[in-house]
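These notes concern the structure reproduced below.
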Number of protein chains: 2
Amino acid sequence: MQEILRKHIEKIISLTDEEFTFVWSHFTVKKYKKHQFLIQEGEAVKYHYFVLSGLLKLVYTDEAAKEHIVSFAMEDWWESDFYAFYTQTKATLSLECLEDTEVLCLSLDGYKKLCDDLPEMVRFFLEKANFGFIASQRRIISWLTLSSRERYEQLLKQSPSLIQRVPKSLLAAYLGVSRETLSRLSS
Amino acid sequence: MQEILRKHIEKIISLTDEEFTFVWSHFTVKKYKKHQFLIQEGEAVKYHYFVLSGLLKLVYTDEAAKEHIVSFAMEDWWESDFYAFYTQTKATLSLECLEDTEVLCLSLDGYKKLCDDLPEMVRFFLEKANFGFIASQRRIISWLTLSSRERYEQLLKQSPSLIQRVPKSLLAAYLGVSRETLSRLSS
DNA sequence: ACAAACCTCACGATTATCATGTGAGGAATG
DNA sequence: CATTCCTCACATGATAATCGTGAGGTTTGT
């Protein structure tokens, strides 16, 4: 389990054993069952999560109580309600398990301490933040430039393994179409 | 919805309109979906819950990851991880929805304020606490004096409506027997 | 030592829930 | 006016959950 995190980090930066022990000490491991929530709307967001195994959905529920999927998080993915986490305000999103899931939890204090005491970790988190930022922009661009069918096809290409694990109704909520429309687009 | 709380409280104490408005201002309403958790083991317990509609189970999970049902909470029921709530420590129990559920949430500060500013509410909460305490003792007595079959029969008499809404495997976990044994006791 | 009570594992049947595809009417948009 | 998509409804199939039962084993009380 430590190995997973170390491999993940060392894709980007190098760490000595001592440095990694320090990094590891800021994380706690937690297991959740399918349907359980890591984050609930209206609650404080204490952690930034790294997925060891399992699958999560980050959900925005609108005033009509309709669920929209902001993102999915599978293994090797970082997820949280980032706005609420960094500003220490209440969550506007919820993070729910689609499968039994095991995560590493990093608190804001832990995060800051890692950045203060290990400058290499700043580079690591920067890379992750940039990755997320770029992914968001590309998603916006695809929303602006592609039809629903094209966006679905793009998703199929980019995340074939995700498609296997997620009900089509959730994929539809992620793509911003109804599940009936997605069914029709798939033909 | 206010009406439900008012009726519930006025079974025990009288409140003027002004007093009730004050009481009501300390509650917030929340809706949860089936499978969602109000309390998760290891988390802070911020609220004492009053069930407006729906059904909850209060669960203790042992070291072998086996679930035991401490209690169920249906309409007109108060529930929480009381120890964790009053001591503001981390939950050792979890509170999960068996149905879509709507609750009123009362924080510890709100609870204290109600008691400080409205002595009648002390009497109300005392009555509730006594009720819960007595129910726990009767349960202990039934554990000490009755066979499993007899405890099941007693539950059938006391909570016929609950029995309809809860899977037998959960009733078994509440009674402290296996679901196979409960099946056999039912014959 | 033995009977009773219960657990656990396994299996099979049934029921409930979930997922999915499709039809049809309607709204919004270009 | 055509196209795209939504919503509601229905039907079907797959999956998950529930439940009863058999059998072997353990624990407990007498």
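Because the structure is a prediction, the values reported are computed rather than measured. All chains are named by letter (A, B, ...) in the order of the sequence lines, taking the proteins before the strands, and each is independently numbered beginning at 1.
- Counting all heavy atoms, side chain and backbone alike, A:I39 lies closest to A:S80 at CD1-OG, 3.7 Å.
- Under 3.5 Å, the side chains of A:S147 and A:E150 contain a donor-acceptor pair of N or O atoms.
- Near DNA chain C, meaning a heavy atom under 4.0 Å away, the residues from residues 170-182 of chain B are B:G176, B:V177, B:S178, B:R179, B:E180, B:T181.
- Side-chain atoms of B:S183 and B:S186 form no donor-acceptor pair, as typed in the model, at a separation below 3.5 Å.
- Both tests pass for B:R139 against the ring of B:Y174: distance under 6.0 Å to the centre and angle within 45° of the axis.
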Quiz item: Stepwise, does the ring pair (Phe, Tyr, Trp, His ring centres under 6.0 Å) test hold for A:F37 with B:H35?
Solution: CA-CA 9 Å; A:F37 283 69; B:H35 300 302; over 10 Å; no
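- In this structure, the salt bridge (Lys or Arg N to Asp or Glu O under 4.0 Å) partners of B:E96, at least two apart in sequence or on a different chain, are B:K57.
- Put simply, NZ on A:K34 is 9 Å from C1' on C:dC18, counting in whole angstrom units.
- B:K33 places its NZ atom 11 Å from the P atom of C:dC18, with the value rounded to the nearest Å.
- For DNA chain D, the contact window with chain B, defined by any atom under 4.0 Å from a protein heavy atom, covers D:dT18 to D:dA23 in 5' to 3' order.
- In this structure, the side chains of A:V51 and A:D76 stay at 4.5 Å or more apart for every pair of heavy atoms.
- To the nearest angstrom, P of C:dA4 lies 16 Å from CD of B:E150.
- In terms of the salt bridge (Lys or Arg N to Asp or Glu O under 4.0 Å) criterion, residue partners of B:E99 (sequence neighbours excluded) are, by chain and number, B:R165.
- Overall, the helix from C:dA1-D:dT30 to C:dG30-D:dC1 carries an axis bend of 40° between its ends, with five pairs at each end and the value rounded to 10°.
- Each of A:S169 and A:R184 was assigned the nucleotide of DNA chain C with the nearest heavy atom; the assignment lying further toward the 5' end belongs to A:S169.
- For the ring-ring contact (aromatic ring centres under 6.0 Å, His included) condition, the pairs that include at least one residue of residues 83-114 of chain A, sequence neighbours left out, are A:H48-A:F85, A:Y86-A:Y111, A:Y111-A:F125.
- Judged by the 6.0 Å distance and 45° axis criteria, A:R151 is positioned over the aromatic ring of A:W143.
- Within the 4.0 angstrom heavy-atom criterion, only backbone atoms of the sugar-phosphate kind lie near A:S148; the bases stay farther away.
- Protein atom CD of A:Q164 is 16 Å distant from nucleotide atom P of C:dA19, rounded to whole Å.
- Counting heavy atoms from C-beta on, the side chains of B:K33 and A:E67 come closer than 4.5 Å.
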